[in-house]
Amino acid sequence: MSITILKGNIVSAPALGRLEVTKNGYLVAEEGRITGVFPALPERYAGAPVEDYGDGLILQSLADLHLHAPQYPMLGMGMDLPLLEWLNTYTFPTEARFADPDYAREIYRRLSRELIEGGTTRVCVFSSLHREGTLILMEELEKAGVTGYVGKVNMDRNAIPALQEGTEEAKRETLRWLEECRDFRYVKPILTPRFTPSCTDELMDFLGKLAAERDLPIQSHLSENTGEIQWVRELHPDCRQYWETYAKFGLWNSRTLMAHCVWSDGRERAAMGDAGVTVVHCADSNQNICSGTAPVRVMLNEGLKVALGSDIAGGDHLSMFDVTAAAIRASKARRIQDRWETDFLTVAEGWYLASSAGSAFFGQEPGFAPGSMLHALALDDSLLPQPHPMTVEERLERCVYRRQKDAIRAVWSEGRKVFTAR
Ligand code: GUN
Ligand code: FE
């Protein structure tokens, strides 16, 4: 039997706002599945090899529940435009290049490595509309050790000639892609209407029925930008609110992810709560393209499911440590905007959203729960100066905001060690 035993300062997020710390403890997995976190190594493991990370931190690895893989080459560019112009000017032409399989292979290989080296082992990712490119993305993620869901994007209206599919073509390519990606083990398909303005009613209807027939999850964008919301209102005069344009086609349920939700009001949020939709908060992106500041604290208080996304390349950081810091900062901006009537996210809360809340979409229990597959990282912060002898919680906080170079020493995904730093 294969046994993994990691020794170090073990930190996990078993509940929103609560960190569980085991100093100089042992995290044990058998056949890749966690058996427990122990302050001393249980007798039954005596003699088994221990990977000792000394005074280092052993953390849950992270989940990025919203990113655009074909926007990786434009990371850090084109931020001076609002959403709809940004899409037409920068994003669509960038994604159009993924018609070329060699280009897709090169970019997706680099992205997949950077995800793993940054400790992100679970993703829900948008590809481009290209079927072949999407299969290449799935191959590269799987090769690197990233697990999760990948979506071939559907968009049959309101784009540019180089990046738009016909309605029949979109249906046909989606069905073919679903056939062709059946044998992946760690990455699975997720249906992906880009957003309401990109999809005809006929395509939305097709995707909703497909989701139900094949029990597939769904990801899209919701209420990100005021111009976008106005446009959706014009496109669907029969719907009172944006979310109803998804709900009326069967794209609104407990396996649906909706990115942004910056402008979702009480009624739209109640509809998310009722259906069990997960909000993916993308703080960097919301600020970069001036979409707004999502009321994440209110969403959490209302009991909504909330996770985090880098939303590259609207977001300019791929590391989920940076994304966590951005979410915390955004919650403080929102607190000021709300005239100090709403609370901000604490570090422990931000960390929970980036780790446990993200993994919940994959049916995982929070923290290092016995029975879960091992998703973890080992991190070294020993070279940073200490203002005083720091607690483990303080060290985690500093890692969120600032990490020493090459801090992440090793990463485990779905029970396998997928990265070792040189
Ligand atoms: N809405 C539709 N497409 C996109 C996209 O690529 N990025 C963002 N941030 N919003 C979108
Ligand atoms: Fe997005």
Side-chain angles (χ1 to χ4, degrees), residues 64 66-104 106-108 110-111 114 125-131 133-134 137 151-167 169-170 192-200 203 219-236 242 245 258-263 280-294 309-318 322-323 326 330:
D64 186 346
H66 184 77
L67 73 159
H68 296 265
Q71 296 174 22
Y72 184 59
M74 58 177 262
L75 193 56
M77 294 174 66
M79 304 291 194
D80 291 346
L81 295 169
L83 175 68
L84 301 176
E85 285 168 63
W86 174 82
L87 285 173
N88 283 316
T89 311
Y90 262 90
T91 313
F92 292 160
T94 301
E95 292 192 15
R97 289 199 60 191
F98 287 79
D100 173 356
D102 294 335
Y103 181 72
E106 150 83 15
I107 299 295
Y108 290 155
R110 287 169 62 170
L111 168 65
E114 192 176 335
V125 52
F126 282 51
S127 177
S128 58
L129 61 76
H130 310 99
R131 174 178 48 78
T134 304
L137 173 58
K152 173 217 166 306
V153 165
N154 287 279
M155 43 193 298
D156 68 338
R157 67 172 177 183
N158 293 320
I160 58 170
L163 191 78
Q164 184 164 300
E165 44 188 5
T167 305
E169 186 187 4
T192 307
R194 183 173 202 119
F195 69 154
T196 296
S198 290
C199 295
T200 60
L203 185 52
Q219 61 180 354
S220 195
H221 295 91
L222 180 70
S223 297
E224 177 177 4
N225 161 291
T226 51
E228 169 210 18
I229 294 167
Q230 180 55 35
W231 193 14
V232 170
R233 206 170 280 135
E234 288 158 20
L235 291 166
H236 289 267
Y242 195 162
T245 66
M258 283 290 158
H260 302 289
C261 311
V262 172
W263 297 97
V280 192
H281 177 46
C282 305
D284 273 323
S285 169
N286 293 340
Q287 186 158 43
N288 284 332
I289 51 179
C290 290
S291 300
T293 310
S310 67
D311 193 31
I312 66 156
D316 57 322
H317 291 94
L318 188 63
D322 295 332
V323 168

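- Here the straight-line distance linking atom OG of Ser127 with atom CD of Glu95 works out to 8.0 Å at 0.5 Å rounding.
- For the atom pair Thr245 OG1 and Leu235 CG, the distance stands at 9.0 Å (nearest 0.5 Å).
- Taking the side chain as every heavy atom from C-beta outward, Glu224 and Ser285 approach each other to under 4.5 Å.
- Considering only residues two or more places apart in sequence or on other chains, Ser198 meets the side chain to side chain contact (heavy atoms under 4.5 Å, CB included) condition with Met155, Arg194, Phe195.
- Listed here is the closest heavy atom pair of Phe92 and Asn158: CE1-O, 4.2 Å.
- Applying the side chain to side chain contact (heavy atoms under 4.5 Å, CB included) rule to Leu75 yields the partners Tyr72, Ile312, Ala313; only residues at least two apart in sequence or on another chain are considered.
- Note that OG of Ser220 is 8.5 Å distant from NE2 of His66, once rounded to the nearest 0.5 Å.
- Annotation for Glu165: atom CD counts as buried by contact number, over 12 foreign heavy atoms lying within 6.0 Å.
- In terms of modelled atom types and a separation under 3.5 Å, the side chain of Gln164 and the main chain of Ala159 share a donor-acceptor contact.
- Evaluation of the side chain to side chain contact (heavy atoms under 4.5 Å, CB included) rule for Arg233 yields Ile229, Gln230 as partners, not counting sequence neighbours.
- Side-chain atoms of Thr91 and Leu163, non-hydrogen and from C-beta on, never get closer than 4.5 Å to each other.
- Put simply, the side chain of Asn225 does not reach to within 4.5 Å of the side chain of Val262, judged on heavy atoms.
- When all heavy atoms of Tyr103 and Pro73 are compared, the pair lying nearest together is OH-CG, 3.4 Å.
- In this view, Asp316 satisfies the salt bridge (charged side-chain N to carboxylate O under 4.0 Å, His left out) rule with no residue, not counting sequence neighbours.
- Contact annotation: the side chain of Cys199 approaches that of Asp156 to within less than 4.5 Å [non-hydrogen atoms, C-beta and beyond].
- Heavy-atom minimum distance, Asp284 versus Ala326: OD1-CB, 3.3 Å.
- Using a 4.5 Å heavy-atom threshold, the side chains of Phe98 and Leu137 count as separate.
- Counting heavy atoms from C-beta on, the side chains of Arg97 and Ile107 never come closer than 4.5 Å.
- Not one N or O on the side chain of Asp322 forms a donor-acceptor pair closer than 3.5 Å with the backbone of His317.
- Legend: side chain to side chain donor-acceptor pair (under 3.5 Å) pairs involving residues 76-87, not counting sequence neighbours: none detected.
- When all heavy atoms are compared, the tightest approach of Gly133 to Ala104 is CA-CB, 4.4 Å.
- Contacts of Glu114 classified as salt bridge (charged side-chain N to carboxylate O under 4.0 Å, His left out), with partners at least two apart in sequence or in another chain: none.
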Verify side chain to side chain contact (heavy atoms under 4.5 Å, CB included) between Asn88 and Leu81, making sure each step is shown before the conclusion.
CA-CA 10 Å; Asn88 283 316; Leu81 295 169; over 6 Å; no
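- Shown here for Thr134 and Gly151, the closest heavy-atom pair between the two residues is CG2-C, 4.2 Å.
- Atoms CG and OG1, from Leu203 and Thr167 in turn, are 6.0 Å apart once rounded to the nearest 0.5 Å.
- In this structure, Trp263 contributes its side chain and Ser291 its backbone to a donor-acceptor pair below 3.5 Å.
- In terms of heavy atoms, Ser128 sits closest to His130 at OG-ND1, 2.7 Å.
- A side-chain donor-acceptor contact under 3.5 Å links Asp311 and His260.
- Interatomic distance, Thr196 OG1 to Glu228 CD, rounded to the nearest 0.5 Å: 8.0 Å.
- Between the side chain of Gln71 and the main chain of Thr94, no donor-acceptor pair closer than 3.5 Å is present.
- Distance check, rounded to the nearest 0.5 Å: CG of Asn288 to CE of Met79 gives 4.0 Å.
- Side-chain atoms of His281 and Asn286, non-hydrogen and from C-beta on, do get closer than 4.5 Å to each other.
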